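Being a predicted model, the structure only gives us computed values, none of them experimental.
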Amino acid sequence: MANFSRLISTVSKKIVKPFLPTPSTQRIHKLSLLDQCMGNFYMPIVLFYPKHQLQQGPKHLSKLLENSFSKAISYHQPWVGSLSDNATIHCDNTGAAFFEVEVNCHMDQVVHHPDLAFPPGLPWRNVPPAHDGGCLSVAQLSHFECGGIAVSVCMSHKVGDARSAFFFLKDWATLTRKYSNGELTCAPYYVQDSLMPSRPDGPLDFPVMVEPNTQDNIDFEKRFFLSESKIRNLKAFISSDKSSTVQNPTTTEVVSALFYKCAATAGANLSNTGNSSNDSSSQLVLVSDLRKTIPPSIQSTTTIGNILTAFSTPTYNLEDLRLPKLVSDIRKSKLELSNKDNFKDNTWISEMLEYTNKVNIEDAQSYLQKSSCHDVYRCSSICNMPYQDLDFGWGRPSRASMASAPFNNVLYLMNTHDQSKGIEVFINLNEQQMSIFEQDKNLLQFVTPLDDHHHVHDEEEKYCIGAY
């Protein structure tokens, strides 16, 4: 699967304009302070649909998706505008790129290696300038030899977060499903800078969280699966410990704690052998969606923007890495977060602004790759975003996934494609650390690696082959 160019044949590439032009009163989109901190890089999401679900032929599907895409972007004008500066998007109907490709292999060869379902070089990369043909949103329809298709998007994180991308895909799916008389009953609401305005001394000139330097990228991504029964066993294992203070841990709490513990243990072992520049201490940072705390006056069922904050555990030494303690500390930090106004006092923004005061941000490395005296692991969960329910008119996808991320010490949690209530985890570590991590018996007690050679049983086997 390494040589992508030999497997892909481009059918077409075009710029799709909004079905309706932007009203003159909505031409300027003001970015929030958190939007300003975010780099203008793509978030890549892909949905796979097998042949037996499709009722139309390739040409009809292509035309239908392109036309409904044009309608969808009419409701999402900032994603088809152009970035004027770090604080403003001109909604000037620049449009969105729409690729159609043929992939010369079966879908089952790509479904667990989804990078092939995106335009080469786009996922997680910076959006090119508008004068070079860059678009803030890109869609691709991929046709596989077996007759299945993939629908993927690369959406600028500058405009919104993963839930915002979900809302866009949901609107696109709705308009495709009801194309003949398709209109959205509830238009999306772009919060702009209403919740987190610019600083009193003016907006940021440059983003803080930028794409990493690919020349320095030596990270390894691996994907793992936890079935519902394994998650249940993990919760019971943690709750039954005499030192446990959380008797009803959530899935995100236990899974993020398990993966962080095993990754940090592997990192500490490298430190102790002299193969790491950091000491053996580490910390877990988790991203939190703030939509449930939006003031009722501007509440909407589809709020678009970067509406997030972050909270963290204490810094741990190797001997402190015990699952009950980790889960207890995660719960404690969440409760502290819920007792403050996270729009006026956003921990994540404060941390990034503090970083900008220490460095020349225009020339600095990515905030995510900043140097520290201890290792920082970051977790983002999209388990409560039902990408697996997105129906364009031919049923739910057999699988929803993301492209490989180039950020080190990062893990993503995502629901599985079926109703098994399982979790898929994407984790990025350097190669040495990954080789230790993936052999950890404490990890393998609960998880199944997703690769081409691992044999699985029961629920794991059902999940791993179900998408095929």
Side-chain angles (χ1 to χ4, degrees), residues 222-266 282-289 292 310-314 316 318-338 377-389 400 409-427 429 437-450 454 456-464 466:
K222 291 292 181 73
R223 304 184 181 211
F224 298 85
F225 168 67
L226 292 85
S227 66
E228 181 184 17
S229 62
K230 293 293 187 181
I231 294 172
R232 190 164 53 245
N233 292 344
L234 177 59
K235 290 180 179 179
F237 175 78
I238 294 173
S239 299
S240 63
D241 191 284
K242 293 181 179 179
S243 64
S244 178
T245 60
V246 179
Q247 295 305 308
N248 58 337
T250 67
T251 296
T252 297
E253 288 171 345
V254 299
V255 173
S256 59
L258 174 66
F259 275 77
Y260 162 60
K261 174 185 181 295
C262 296
T265 300
S282 63
Q283 181 183 38
L284 176 63
V285 177
L286 299 98
V287 176
S288 179
D289 191 323
K292 290 183 178 180
F311 61 96
S312 60
T313 66
Y316 302 105
L318 180 59
E319 58 271 17
D320 299 324
L321 293 172
R322 294 177 291 105
L323 284 176
K325 178 172 176 55
L326 297 181
V327 171
S328 176
D329 287 342
I330 291 171
R331 176 66 64 88
K332 181 181 178 181
S333 295
K334 280 201 304 184
L335 289 175
E336 291 174 352
L337 194 72
S338 66
Y377 296 84
R378 303 181 186 277
C379 176
S380 182
S381 173
I382 56 174
C383 289
N384 58 351
M385 303 176 202
Y387 283 100
Q388 295 79 4
D389 293 336
N409 289 1
V410 171
L411 57 135
Y412 297 95
L413 278 56
M414 191 172 191
N415 287 335
T416 55
H417 71 280
D418 54 19
Q419 299 296 323
S420 68
K421 299 181 182 180
I423 296 292
E424 186 175 350
V425 180
F426 311 65
I427 184 166
L429 303 170
F437 170 83
E438 62 184 348
Q439 298 179 52
D440 191 320
K441 293 181 180 179
N442 295 312
L443 177 73
L444 297 177
Q445 179 181 354
F446 299 104
V447 312
T448 301
L450 290 176
H454 192 92
V456 292
H457 300 278
D458 303 329
E459 288 182 73
E460 288 86 354
E461 182 173 25
K462 178 183 177 183
Y463 169 67
C464 292

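Residue C379 forms a side chain to side chain contact (heavy atoms under 4.5 Å, CB included) with just one option from V410, I427, L413, and that option is L413.
Contact record, K235 with P249: CE-O, 3.5 Å, taken as the closest heavy-atom pair. When all heavy atoms of F224 and V447 are compared, the closest pair comes out as CD2-CG2, 3.8 Å. Here the shortest heavy-atom pairing between L337 and A310 reads CD1-O, 4.1 Å. Taking every heavy atom of both residues into account, V285 and S312 meet most closely at CG2-CB, 3.9 Å. Residues S282 and Y260 come closest through the heavy atom pair OG-OH, 2.7 Å. Between P324 and I238 the shortest heavy-atom distance is CA-CG2, 4.0 Å.
In this structure, a donor-acceptor pair under 3.5 Å is present between the side chains of S227 and S229. Donor-acceptor pairing under 3.5 Å is lacking for the side chains of S256 and Y377.
Here the straight-line distance linking atom OG1 of T251 with atom CG of N415 works out to 9.0 Å at 0.5 Å rounding. Summarising the geometry, atom CG belonging to D241 is positioned 8.5 Å from atom CG belonging to L323; distances are rounded to the nearest 0.5 Å. Interatomic distance, C262 SG to Q439 CD, rounded to the nearest 0.5 Å: 12.5 Å. The distance from atom NZ of K325 to atom OG of S244, rounded to the nearest 0.5 Å, is 12.5 Å. Put simply, CG on L226 and CG on N233 are 10.5 Å apart, with the number rounded to the nearest 0.5 Å. Note that OH of Y316 and CG of L321 are 8.0 Å apart. Values are rounded to the nearest 0.5 Å.
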Practice problem: Would you please test T250 and R331 for side-chain contact (heavy atoms from CB on, under 4.5 Å) and show each step? | Solution: CA-CA 9 Å; T250 67; R331 176 66 64 88; 4.2 Å; yes
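Under the 4.5 Å side-chain criterion, counting only non-hydrogen atoms from C-beta, E336 is not in contact with F311. In this structure the side chain of T313 never reaches within 4.5 angstrom of the side chain of L326, judged on heavy atoms. Two residues are said to be in side-chain contact when any heavy atoms from C-beta on lie closer than 4.5 Å; P449 and E438 fail this criterion.
A side-chain donor-acceptor contact under 3.5 Å links T265 to the backbone of K261. Using modelled atom types, no side-chain atom of T245 and backbone atom of S328 make a donor-acceptor pair closer than 3.5 Å. For the pair S333 (side chain) and I330 (backbone), a donor-acceptor distance under 3.5 Å is absent. Remark: the backbone N or O of T416 is not paired with any side-chain donor or acceptor of E424 at under 3.5 angstrom.
Ring geometry for F437 versus F259: interplanar angle of 30 to 60°, hence tilted.
Remark: K332 NZ is loosely packed, at most 12 non-hydrogen atoms of other residues, nucleotides or ligands lying under 6.0 Å away.
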